[in-house]
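Heads up, the thing below is written out as structure tokens.
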Amino acid sequence: MGDIKTLFDVDWEKQKAFVLRRIDSFCYLHTITQFDTIPPLLGIQDQAQKLAANTIAFLEKKEALHALLWGARGCGKSSLVKATLLPHLHSGNNLRVLELDSKDILLLPLVFDTLRLLHAYRFIIFCDDLSFRIGDDSYKSIKSVLEGSLEARADNILIYATSNIRRIVESSDLDSPKDSPIIQEELSFSDRFGLQIGFYDLGTREYLECVGHFLGDATMLTSQDLASPHPLRQEALNFATKMGGRNARIAKEFVISYQRGLV
């Protein structure tokens, strides 16, 4: 594996966001120069407010928490992280972001050891779709990095992670009592994330407003008398049922399918 000092030999002042890449035993930091567009945050305003407040507190050197954004697929977890962080990266503050693939989570202790020494900057490590299967003990190596080690917690580093499940360690022993060693071990890891933000399928009205948004009029499917609703209303609901959920991603997929004559 590449020397950790060489790995982090970057210009932190000019470069603000990175992806840690690993190829076999070699790893390096790839500088992000073209940022993704910020998607619309539809139906997740409460979640956005919580993450924004935590991020601002962190940048102001106040108490802030590692964050776990969990919930149904397509509900905007990753989009919210991007929408929260990108404005800060375009500003002149000292936030730096490092994206870390969940398969490379074992590198996290090395990352912390290096970044905690860079006191001039505030680091948020973004790990998308984080989960561990039962029997995979790799998460144990990072528990103490988050909290619980003899070493003091790094006050200039936070982790923002997303997961489709609240209990990051996926257990096959779902019927175990809550006080069983297996369940307690799983919960002890998830509890390291002091800010846990849930995402859920949208209600009917909110989902239809999302469809309307992508069609160019957020109220077009919800403003009519339900006795004679917009003709697309039922098609949009049927599409959501077929796809197994109601969220902004599915709303956008419906609009694309509709405009291409696929529904």
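No experiment lies behind these values; they were computed from the predicted model shown.
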Is it true that [X] and [Y] fall in one hydrophobic cluster, defined by side-chain heavy atoms closer than 4.5 Å?
X: I44; Y: L42; result: no
X: F193; Y: V111; result: yes
X: L41; Y: F214; result: no
X: V97; Y: F35; result: yes
X: F123; Y: V10; result: yes

Exercise for review: Show the numbers, then the answer: is there a side-chain contact (heavy atoms from CB on, under 4.5 Å) between H66 and R153?
Suggested key: CA-CA 11 Å; H66 299 298; R153 173 178 170 176; 3.7 Å; yes
State the [atom1]-[atom2] distance between [X] and [Y], to the nearest 0.5 angstrom.
X: L115; Y: L98; atom1: CG; atom2: CG; answer: 6.5 Å
X: H213; Y: M220; atom1: NE2; atom2: CE; answer: 13.5 Å
X: Q45; Y: K50; atom1: CD; atom2: NZ; answer: 13.0 Å
X: C27; Y: D101; atom1: SG; atom2: CG; answer: 12.5 Å
X: N156; Y: R116; atom1: CG; atom2: CZ; answer: 8.0 Å
X: R73; Y: D129; atom1: CZ; atom2: CG; answer: 12.5 Å

Exercise for review: Please say which of L29, T33, T31 ends up in a side-chain contact (heavy atoms from CB on, under 4.5 Å) with Q15.
Suggested key: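 Of all the options given, the one that passes is T31.
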Side-chain contact test, heavy atoms from C-beta onward, threshold under 4.5 Å: evaluate it for [X] versus [Y] and give yes or no.
X: N94; Y: L59; answer: yes
X: N54; Y: L158; answer: yes
X: K16; Y: L95; answer: no
X: L215; Y: Q259; answer: yes
X: N164; Y: W70; answer: no

Exercise: identify the closest heavy-atom pair between [X] and [Y]:
X: H88; Y: T84; result: CD2-O, 3.1 Å
X: A154; Y: F112; result: CB-CD2, 4.2 Å
X: Y28; Y: I23; result: CE2-CD1, 4.4 Å
X: L202; Y: C210; result: CD1-SG, 3.6 Å
X: I105; Y: C127; result: CD1-SG, 4.1 Å
X: Y200; Y: C75; result: O-SG, 3.5 Å

Over 12 non-hydrogen atoms of neighbours within 6.0 angstrom of [atom1] in [X]:
X: Y121; atom1: OH; result: yes
X: K62; atom1: NZ; result: no
X: K252; atom1: NZ; result: no
X: Q49; atom1: CD; result: no

Counting N and O atoms only, with roles assigned by atom type, does the side chain of [X] sit under 3.5 Å from a partner on the main chain of [Y], one being a donor and the other an acceptor?
X: T162; Y: L69; value: no
X: K77; Y: F199; value: no
X: D11; Y: K14; value: yes

Exercise for review: Take L237 and Y207 through the test side-chain contact (heavy atoms from CB on, under 4.5 Å) and record every step on the way to the result.
Suggested key: CA-CA 9 Å; L237 294 174; Y207 167 70; 4.0 Å; yes
**Study point:** Cation-pi check, R96 onto F18 ring (under 6.0 Å, within 45° of axis)
**Key:**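 Negative - R96 is either too far from the ring of F18 or too far off its axis.
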Point to revise | Distance-only side-chain donor-acceptor flag, D217 / T219, under 3.5 Å | key: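 Yes - a donor-acceptor pair under 3.5 Å links their side chains.
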Practice item. Ignoring hydrogens and angles, state whether a donor on the side chain of Y160 or T55 is under 3.5 Å from an acceptor on the partner side chain. Key: yes
Practice item. Evaluate the criterion side-chain contact (heavy atoms from CB on, under 4.5 Å) for residue pair F239 and V211; output intermediate values, then yes/no. Key: CA-CA 11 Å; F239 185 87; V211 174; over 6 Å; no
Practice item. Using the side-chain contact (heavy atoms from CB on, under 4.5 Å) rule, take I159 and L108 through it: C-alpha gap first, then chi angles, then the decisive distance, then the call. Key: CA-CA 10 Å; I159 295 179; L108 195 58; 3.5 Å; yes
Point to revise | salt bridge (charged side-chain N to carboxylate O under 4.0 Å, His left out) evaluation trace for R246 with D201 | key: CA-CA 5 Å; R246 295 176 180 174; D201 276 345; over 6 Å; no
Check your understanding: For R249 and E253, what are the C-alpha separation, side-chain angles and deciding distance, and is it a salt bridge (charged side-chain N to carboxylate O under 4.0 Å, His left out)?
Key -> CA-CA 6 Å; R249 179 187 296 173; E253 290 170 350; 5.1 Å; no
